[in-house]
Amino acid sequence: MLLRDLRARLVKYISGRLAEDVPESLRVEEPRNRKFGDLSTNAAMVLSPVVRKSPMEISSVISDEISDWEEVENVRTVKPGFINFDLREKFLIDALAETGRQKEDYGTNDSGNGIRINLEYVSSNPTGDLHIGHGRWGALGDVLSNIYMANGYTVCREYYVNDYGSQAAKFAECAAALYLGHFGYESVYPEDGYPPEAVSIAVDRLIETSGNIFLDKEGRLSEPESFKKKIINTMVERIAETLEKMDVRFDNWFYESSLYRKGNFQRILRFLREKDLVYNNDDAVWFRSTGFGDEKDRVVVRSGGEPTYFASDIMYLEDKAGRGFDRIIYILGADHHGYVDRLTAIGKALGIGEEKLMVIIGQLVNIIKDGMAVRMSRRKGKVYTLRDLIDDVGKDAVRYFFTGVSCDTPMDFDIGLARRRSNQNPVYYIQYAHARIESIFKKIEQEGPGGLSRDDINIDNIDFSDIEFKNRSEKGIAKALLLYPDAVFNSCENNAPHILSQYLLRLAAEFHQFYNKHRIIEVKGGTMSVNRSRLALVLLVRQVLKNALKILNISAPEKM
RNA sequence: GUCCCUGUAGCUCAGAUGGAUAGAGCACAGGAUUCCUAAUCCUGGUGUCGGCAGUUCGAAUCUGCCCAGGGACACCA
């Protein structure tokens with residue numbers, strides 16, 4: 001990791017020599033403006049208050065040190081106290097050779113040290129189709145999982161199925177009404193039920209696969225409990241199918257009902273009483289969540305004796321901790337942000353450290369249609385669902401749109417725009433870079449210069465010492481390639497897949513610019529030759545594009 | 001009323017723990033293809049970084065107060 005390694009080295013030099021503690025804010029980074037050089041550090045400025053010397057004074061000491069590094073050349077200090085420097089070509093070439101050797105592993109690191117993460121996302125109630133927002137959490141969770149794995153963590157992707165409470169019961173009730181109605185029997189549809197068109201998705205499917213097996217002779221449900229189980233599973237199947245359409249998959253579908261297996265609820269209740277974490281009031285059992293930072297106490301057992309959803313939350317978190325995860329991450333939609341305090345309260349009460357529990361809030365998605373915002377409420381009949389979106393624009397675009405912007409940003413999703421398969425969609429720009437490179441290789445293979453075989457354009461057989469930088473865009477590409485591992489690391493540190501998306505866009509841009517100016521297959525006086533240096537460079541670009549696209553799980557097409 | 005997120009170019013958004021002249025794409029105008037895919041490239045420019053104070057050598061970034069948009073505040077999930 002170029003930036004991180006250089007920073008670490010600088011910190012090591014400074015600590016004990018110039019200052020006891022090196023400020024966190026010390027950075028080695030690319031300067032915004034290219035004219036300042038390849039890299040830059042603010043070391044002198046952040047040290048100034050610590051050392052009580054002027055930045056310029058400190059910068060001369062530090063720039064002397066940096067000048068000794070074999071990676072860099074041309075170190076200079078500038079006005080307020082910045083130290084700017086360039087990367088030496090010899091270093092770039094050696095580093096690129098190493099990149100080529102690592103191939104599909106390039107960019108990964110083991111900073112995660114095998115730490116076990118449970119990442120829960122989507123977890124939409126199985127009471128209807130997924131909406132657009134779920135697509136965002138799905139893409140976010142999936143890519144974040146990939147990012148964590150690329151950084152050496154172990155990840156369990158989990159979906160929590162709410163199949164136990166009153167919402168599931170209500171859904172089953174609605175479904176039963178439609179089911180009986182379908183076979184011509186009288187049925188009463190619950191007044192406050194889910195929209196029938198949402199429920200019928202599952203009912204139609206159930207009838208298709210299982211026919212009337214839940215119907216008894218009197219025109220009633222023969223086995224209401226199995227019907228409920230079946231109808232919910234049918235909905236879950238449908239949800240899983242939708243998510244699979246965008247390549248979002250889970251390691252564990254965790255059923256809320258499984259928390260209530262033999263005596264588990266009584267066990268946790270006893271435990272909570274022993275710890276004095278609950279008390280009785282108004283015939284209900286309350287959890288002392290205010291004692292752990294929640295704004296109010298929460299009911300665990302209703303006056304009727306039924307456990308609440310909050311009871312499930314307690315057991316679920318306990319279960320996760322019991323499965324030995326070092327870190328438990330929830331991705332919640334902004335409409336559930338009120339959960340954060342509750343969850344952390346449970347965590348504290350159960351002795352799960354704050355550093356172990358993390359909640360990522362994803363802001364909502366607005367749908368824009370013909371310039372107008374469209375409300376997306378599942379309770380209001382026919383809406384534009386995630387399934388519709390994936391069918392309209394394809395999984396690559398969906399995934400890129402959702403992970404290309406910060407999850408803190410409420411996004412506007414313009415359906416009309418997303419439908420257009422045009423250059424307005426940046427994902428094509430990135431994929432096109434990959435397709436172009438493939439096309440070059442195909443050309444070399446098919447009608448390339450004599451004496452050049454397929455093996456010669458294999459990354460394993462390339463002599464990277466052939467690389468030379470004859471112009472700015474070649475060096476620019478090299479630098480961009482070497483910054484990839486930092487992008488992977490930073491996107492993990494910040495739980496921000498969009499850092500990776502942004503990086504990809506930049507690499508693609510570097511490539512397209514290069515491609516337009518310089519040729520890999522050169523033709524001189526009718527004879528064709530391949531520029532070995534550029535071939536090597538482009539092979540690496542392809543590798544990094546592939547690696548990054550794999551993390552985003554967006555396809556890298558060979559032709560477009 | 002309380003809490004969370006957001007407010008940056010005409011539009012969609014970057015700007016990762018404060019740093020050097022605030023960026024990209026789209027849209028708009030013009031140009032580039034006898035040659036590896038023009039889904040590309042090159043050239044054009046616009047900003048009271050929502051507002052007002054404060055902290056700092058230095059603020060789009062941190063703090064406070066306002067304004068605007070979205071969301072959340074059940075013995076529903």
Side-chain angles (χ1 to χ4, degrees), chain A residues 23-27 29 31-33 35-36 40 42 45-46 48-49 54-55 78-82 84 123-125 127 162 164-168 170 256 282-286 295-296 298-304 306-310 312-313 333-341 361-364 366 368 373 401 404-414 417 421-426 428-429 431-433 435-444 447-448 490-491 493-496 498-499 501-502 505-506 509 511-517 519-523 528 530 538 559-560:
Chain A
E24 275 297 305
S25 54
L26 186 149
R27 292 166 74 168
E29 64 189 346
R32 282 203 198 138
N33 195 323
K35 78 170 187 193
F36 292 120
S40 167
N42 62 354
M45 287 184 292
V46 299
S48 172
S54 78
V78 188
K79 277 186 291 180
F82 284 103
N84 301 328
S123 294
S124 168
N125 281 358
T127 55
N162 301 114
Y164 188 78
S166 57
Q167 298 297 323
K170 183 185 286 178
E256 182 185 6
D282 291 340
D283 294 330
V285 180
W286 297 72
E295 59 172 342
K296 56 183 289 190
R298 308 283 172 182
V299 172
V300 181
V301 186
R302 289 183 205 131
S303 41
E306 286 288 301
T308 61
Y309 183 72
F310 188 73
S312 299
D313 280 342
D335 54 341
H336 283 67
H337 94 269
Y339 271 26
V340 178
D341 285 347
I361 298 294
Q363 292 302 312
L364 301 179
N366 297 312
I368 308 293
F401 262 72
V405 299
S406 161
C407 64
D408 284 337
T409 304
M411 41 173 310
D412 286 340
F413 204 114
D414 187 328
L417 185 71
R421 290 173 177 278
S422 75
N423 59 347
Q424 288 172 331
N425 193 334
Y428 296 120
Y429 183 83
Q431 291 179 317
Y432 187 48
R436 267 184 154 173
I437 293 171
E438 287 292 344
S439 163
I440 295 168
F441 296 156
K442 195 166 290 167
K443 178 100 176 175
I444 293 174
E447 48 191 284
N490 287 336
S491 61
E493 283 284 287
N494 298 289
N495 292 304
H498 77 277
I499 289 177
S501 317
Q502 301 279 331
L505 215 46
R506 179 235 175 120
F511 169 73
H512 284 308
Q513 286 157 26
F514 164 80
Y515 180 92
N516 271 277
K517 264 184 252 166
R519 296 185 57 80
I520 287 86
I521 302 170
E522 294 170 310
V523 182
M528 239 183 224
V530 169
V538 166
K559 62 178 178 187
M560 289 172 76

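Each chain gets a letter, A, B and so on, in the order the sequences are listed, and its residues count up from 1. What you see below is based on every heavy atom in this structure, not just the backbone, and it leaves out hydrogens, waters and symmetry mates. Because the structure is predicted, anything quoted here is derived from the model rather than measured.
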Distance-only donor-acceptor test, A:Y339 side-chain atoms vs B:A77 base atoms, 3.5 Å: yes

Polar side-chain contact A:T308-B:C75 base: donor and acceptor under 3.5 Å: no

Could you work out the separation of [N] and [M] based on their [atom1] atoms and round it to a whole Å?
| N | M | atom1 | result |
| --- | --- | --- | --- |
| B:C49 | B:A20 | P | 15 Å |
| B:U55 | B:G64 | P | 15 Å |
| B:A27 | B:G10 | C1' | 8 Å |
| B:U2 | B:G45 | P | 47 Å |
| B:G31 | B:U48 | C1' | 35 Å |
| B:C62 | B:G23 | C1' | 22 Å |
| B:A59 | B:U8 | C1' | 14 Å |
| B:U40 | B:C36 | C1' | 13 Å |

Distances under 3.5 Å only, N/O to N/O: pair up the protein atoms with those of nucleotides 30-36 of chain B.
{"from": "B:C35", "atom 1": "O2'", "to": "A:R519", "atom 2": "NH1", "distance (Å)": "3.2"}
{"from": "B:C35", "atom 1": "O2'", "to": "A:R519", "atom 2": "NH2", "distance (Å)": "2.6"}
{"from": "B:C36", "atom 1": "O4'", "to": "A:R519", "atom 2": "NH2", "distance (Å)": "3.4"}
{"from": "B:C36", "atom 1": "O2", "to": "A:I521", "atom 2": "N", "distance (Å)": "3.2"}
{"from": "B:C36", "atom 1": "N3", "to": "A:I520", "atom 2": "N", "distance (Å)": "3.3"}
{"from": "B:C36", "atom 1": "N4", "to": "A:Y515", "atom 2": "O", "distance (Å)": "2.8"}
{"from": "B:C36", "atom 1": "N4", "to": "A:H518", "atom 2": "O", "distance (Å)": "2.5"}

Which residues pass the side chain to side chain contact (heavy atoms under 4.5 Å, CB included) test with [X], sequence neighbours left out?
| X | value |
| --- | --- |
| A:P49 | none |
| A:S25 | A:P23, A:V46 |
| A:D408 | A:S406 |

Contacts of A:E29 that satisfy salt bridge (charged side-chain N to carboxylate O under 4.0 Å, His left out) - sequence neighbours left out: A:R27

With A:E438 via salt bridge (charged side-chain N to carboxylate O under 4.0 Å, His left out) - residues at least two apart: A:R542

Aromatic-base stack, A:F36 on B:A20, cutoff 5.5 Å, angle under 30: yes

Distances under 3.5 Å between nitrogen or oxygen atoms of protein and nucleotides 9-15 of chain B:
{"from": "B:U12", "atom 1": "OP1", "to": "A:D412", "atom 2": "OD2", "distance (Å)": "3.4"}
{"from": "B:C13", "atom 1": "OP1", "to": "A:D412", "atom 2": "N", "distance (Å)": "2.6"}
{"from": "B:A14", "atom 1": "OP1", "to": "A:S406", "atom 2": "N", "distance (Å)": "2.7"}
{"from": "B:A14", "atom 1": "OP1", "to": "A:T409", "atom 2": "OG1", "distance (Å)": "2.7"}
{"from": "B:A14", "atom 1": "OP2", "to": "A:T409", "atom 2": "OG1", "distance (Å)": "3.2"}
{"from": "B:A14", "atom 1": "O2'", "to": "A:Q502", "atom 2": "OE1", "distance (Å)": "3.2"}
{"from": "B:G15", "atom 1": "OP1", "to": "A:H498", "atom 2": "NE2", "distance (Å)": "2.8"}
{"from": "B:G15", "atom 1": "O2'", "to": "A:R32", "atom 2": "NH2", "distance (Å)": "3.4"}

Between atom [atom1] in [X] and atom [atom2] in [N], what is the gap in whole Å?
| X | N | atom1 | atom2 | result |
| --- | --- | --- | --- | --- |
| A:H512 | B:A38 | NE2 | C1' | 11 Å |
| A:E295 | B:C4 | CD | C1' | 11 Å |
| A:D282 | B:A74 | CG | P | 16 Å |
| A:D335 | B:C5 | CG | P | 15 Å |
| A:H336 | B:C4 | NE2 | C1' | 14 Å |
| A:Q363 | B:G7 | CD | P | 10 Å |
| A:Y164 | B:A77 | OH | P | 11 Å |
| A:M45 | B:A59 | CE | P | 13 Å |

Heavy-atom check, side chain of A:S40 versus side chain of A:N84, under 4.5 Å: yes

Within-4.5 Å side-chain heavy-atom neighbours: A:D341 and A:E295: no

What is the nucleic acid contact for [X], judged by heavy atoms within less than 4.0 Å: base, sugar-phosphate only, or nothing?
| X | value |
| --- | --- |
| A:D283 | nothing |
| A:P31 | base |
| A:A496 | nothing |
| A:H337 | base |
| A:A435 | base |

Options B:C75, B:G71, B:U40, nucleotide nearest the side-chain atoms of A:L364: B:G71

Of the listed nucleotides B:A77, B:G18, B:A20, the one nearest the side chain of A:S166: B:A77

Smallest separation among heavy atoms of A:G81 and A:P55, with atom names: CA-CB, 4.1 Å

Any residue meeting ring pair (Phe, Tyr, Trp, His ring centres under 6.0 Å) with [X], in chain and number order, not counting sequence neighbours:
| X | result |
| --- | --- |
| A:Y309 | none |
| A:F441 | none |
| A:H498 | none |
| A:F413 | A:F401, A:F402 |

Which residue lies more 5' along RNA chain B, comparing A:S303 with A:D341 via nearest heavy atoms: A:D341

Given RNA chain B, 5'-ward residue of the pair A:E24 and A:A284, judged by closest heavy atom: A:E24

Secondary structure string for RNA chain B (Watson-Crick or G-U under 3.5 angstrom, | for other-strand pairs): (((((((..((((.....[...)))).(((((.......))))).....(((((..]....))))))))))))....

A:V299 backbone acceptor or donor facing A:T308 side chain under 3.5 Å: yes

A:F514 and A:F511 aromatic ring geometry - parallel, tilted or perpendicular at 30°/60° bounds: tilted

